Visitor: 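Structure in structure tokens, see below.
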Amino acid sequence: MEVLYNSTRSKGNPVKSSEAILKGLSEDGGLFVPDRIPALDKTLEELAEMTYGQVAYEVMKLYLTDFTEQELKACIAKAYDEKFDTEEIVPMVEAQGAYYLELFHGATIAFKDMALSILPHLLTTSAKKNQVKNEIVILTATSGDTGKAALAGFADVEGTRIVVFYPKNGVSKIQEKQMVTQKGKNTYVVGIHGNFDDAQTGVKQIFGDKELTAYMDEKGFQFSSANSINIGRLVPQIVYYVYAYARLLKEERISSGDKINVVVPTGNFGNILAAFYAKQMGLPIDRLICASNENKVLFDFFKSGTYDRNREFVLTSSPSMDILISSNLERLIYRIAGNNPDKNKELMAALAGGGTYTITEDMKEQLADFYGNYADEGETAKTIHDLYESTGYVIDTHTAVASCVYGKYKEETKDTKTTVIASTASPYKFTRSVMNAIDHKYDSMEDFELVDNLAEISKVEVPKAIEEIREAPVLHDHVCEKTQMKQMVMDFLGI
């Protein structure tokens, strides 16, 4: 049965999955959502016997219904290959009674690889299916990891160009070096004077510029997105929660039907929304534990029912979560508003205008599956230190936020269900923060000296993604004001 995609901000004109992937964002500024959440059509026991790629097909075929079996399997095969440094794609490590789902074994050592390895293939397949003649321009804002993963995915992909905007002083040194050394004739990286929310708002404004869209079309270009606002990014993220459950079942850590909890370090809300979709598909997930850093806009929302971005923006050691406007939350708001685009549009207009909105009591009741909490900088560092001291296992700052919040959840609820923690980045991506948390003696070392020390204490080989940027030359040194983003795009395209 076909799944079509509606905008969260208007009625009518549903589109096929390939069209939603191509557009990225609806013309009215809304996000595309499936008209129904399909149920898993394989048993948990059947899924337990499958490889990651096979599980990916079984999940994604239910959402991307206008892709043929051959098309979808080809996209999956190209995505989940030797780019990953482990055959299982997503290993799971047990530490202190929780299962850390290591989502960082791809080319750029962050969870974004899980979806951004496949998006270019979904996008180019969608373009062929829809007889698109224009060159596709991927426009993306990043808080650190999406940028490099998108650049790596789209580099030299025929028929595409990619422009990535990032906050100039709001990402780690390793994250920045990964982006500005990116090869590929079709890649363009720009640092902006501002934070991630400024970059994300600027990208959305460019998408919403009707005159620019018409002019681009005239010149043979059209925009699409690689952010998690693109449904082609979101659907592949559902897969790893299904795979995690299947692995636990196969290894007899749980029995079929046992409920598990899932903890996700959350910024833009896409990753935890994917877990929510997995639950709606019939995966036995109990609580969805939403972990925030000191930019705790989501924690406050789950506690009060009011979303309020009017607060100080804090730069933390977990920069991919330094976000005050969680774009994907709109998809959940639309759903708990009874799939009512008018109600959702009203709330999003309030957010754009005054920076705040409050949901109804009825909507709030539908958030019972979610638990929110946060970890401050001291707690994040202590979590890294204590886990390493007691187990020898080293986690990055984002995963530490999740681990700390899980500790608070357990203490508060006494819930001891089997729990999966989404480990969203390699500690090598945030070496300075991680090593300083373990021991202050590392404070004075250079970044790559820290890398070698991390390899020594963690007994984990330095990833290829880090080795290749040690001596790599800077290829992108563009910086602009947030008001100049549109002009930077036009300059890159030569129009």
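Being a predicted model, the structure only gives us computed values, none of them experimental.
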Visitor: List the steps, then state whether side chain to side chain donor-acceptor pair (under 3.5 Å) holds for Q175 with K429.
Guide: CA-CA 7 Å; Q175 284 177 312; K429 204 139 192 173; over 6 Å; no
Visitor: Does this structure show an ion pair linking K210 with E27, if we count only N-O contacts that are shorter than 4.0 Å?
Guide: no
Visitor: Once rounded to the nearest 0.5 Å, what's the spacing between atom CD1 of I162 and atom OG1 of T140?
Guide: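 These two atoms lie 5.0 Å from each other.
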Visitor: Would you compute the distance between atom CG of L351 and atom OH of Y307 and round it to the nearest 0.5 angstrom?
Guide: 6.5 Å
Visitor: Identify whether the distance between the nearest side-chain nitrogen and carboxylate oxygen of K408 and E411 falls below 4.0 Å.
Guide: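 A salt bridge is absent here (no side-chain N lies under 4.0 Å from a carboxylate O).
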Visitor: What I'd like to find out is whether the side chain of V239 reaches to under 4.5 Å of the side chain of V90, using heavy atoms alone.
Guide: no
Visitor: Is E71 close to C75 at the side-chain level, that is, under 4.5 Å between some pair of heavy atoms?
Guide: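 Side-chain contact under 4.5 Å: no.
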Visitor: Using ring centroids (six-membered ring only for Trp), state whether F276 and F370 fall under 6.0 Å.
Guide: yes
Visitor: Between Y409 and N373, is there a side-chain heavy-atom distance shorter than 4.5 Å?
Guide: no
Visitor: So, taking the atom named OG1 in T8 and the one named CZ in F32, what distance separates them when rounded to the nearest 0.5 Å?
Guide: 9.0 Å
Visitor: State the NZ-CG distance between K129 and L122, to the nearest 0.5 angstrom.
Guide: 11.0 Å
Visitor: Less than 3.5 Å apart, any donor N or O on the side chain of D28 or S26 sitting next to an acceptor on the other?
Guide: yes
Visitor: Please check if any side-chain donor atom of Q487 sits under 3.5 Å from a side-chain acceptor atom of D491, or the reverse.
Guide: yes
Visitor: Side chain to side chain donor-acceptor pair (under 3.5 Å) for T108 and Q178? Distances and angles first, verdict last.
Guide: CA-CA 8 Å; T108 76; Q178 280 190 300; 5.4 Å; no
Visitor: Does the side chain of N344 reach to within under 4.5 Å of the side chain of R9, using non-hydrogen atoms?
Guide: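 Yes, their side chains come closer than 4.5 Å.
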Visitor: Give me the one residue out of I136, T187, L139, L493 that meets side-chain contact (heavy atoms from CB on, under 4.5 Å) with R161.
Guide: L493
Visitor: Side chains of Y241 and N271: is there a donor and an acceptor less than 3.5 Å apart?
Guide: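 There is such a pair (donor and acceptor under 3.5 Å, judged by atom type) between the side chains of Y241 and N271.
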Visitor: Is a donor from one side chain sitting under 3.5 angstrom from an acceptor on the other, for S225 and N230?
Guide: no
Visitor: With side chains defined as the heavy atoms from C-beta onward, is the minimum distance between D41 and E58 less than 4.5 Å?
Guide: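 With C-beta onward as the side chain, the pair touches.
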Visitor: Is a donor from one side chain sitting under 3.5 angstrom from an acceptor on the other, for T419 and Y406?
Guide: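 Yes, because at least one side-chain N or O of T419 sits under 3.5 Å from a partner of the opposite role on Y406.
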Visitor: Under 3.5 Å, is there a donor-acceptor pair between the D322 and N295 side chains?
Guide: yes
Visitor: Does any part of the side chain of V55, heavy atoms only, come nearer than 4.5 Å to the side chain of K42, both counted from C-beta?
Guide: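 Side-chain contact under 4.5 Å: no.
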Visitor: Do you know which of T424, N293, D396 makes side-chain hydrogen bond (donor to acceptor under 3.5 Å, both in side chains) with S318?
Guide: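 With S318 as partner, T424, N293, D396 yield a single side-chain hydrogen bond (donor to acceptor under 3.5 Å, both in side chains), made by N293.
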Visitor: To the nearest 0.5 Å, what is the distance between CD (E294) and OG1 (T380)?
Guide: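 Those atoms lie 7.5 Å apart.
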Visitor: Considering only NZ, NE, NH1 and NH2 on the basic side and carboxylate oxygens on the acidic side, decide whether R287 and D415 come within less than 4.0 Å.
Guide: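 Salt bridge between R287 and D415, a charged N being under 4.0 Å from a carboxylate O: no.
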Visitor: Side chains of N328 and R331: is there a donor and an acceptor less than 3.5 Å apart?
Guide: yes
Visitor: State, without any angle test, whether K343 and T360 hold a side-chain donor-acceptor pair at a distance under 3.5 Å.
Guide: no
Visitor: If we only count heavy atoms from C-beta on, is the K112 to T142 side-chain gap below 4.5 Å?
Guide: no
Visitor: In the structure I gave you, are the side-chain heavy atoms of F67 and K61 within less than 4.5 Å of one another anywhere?
Guide: no
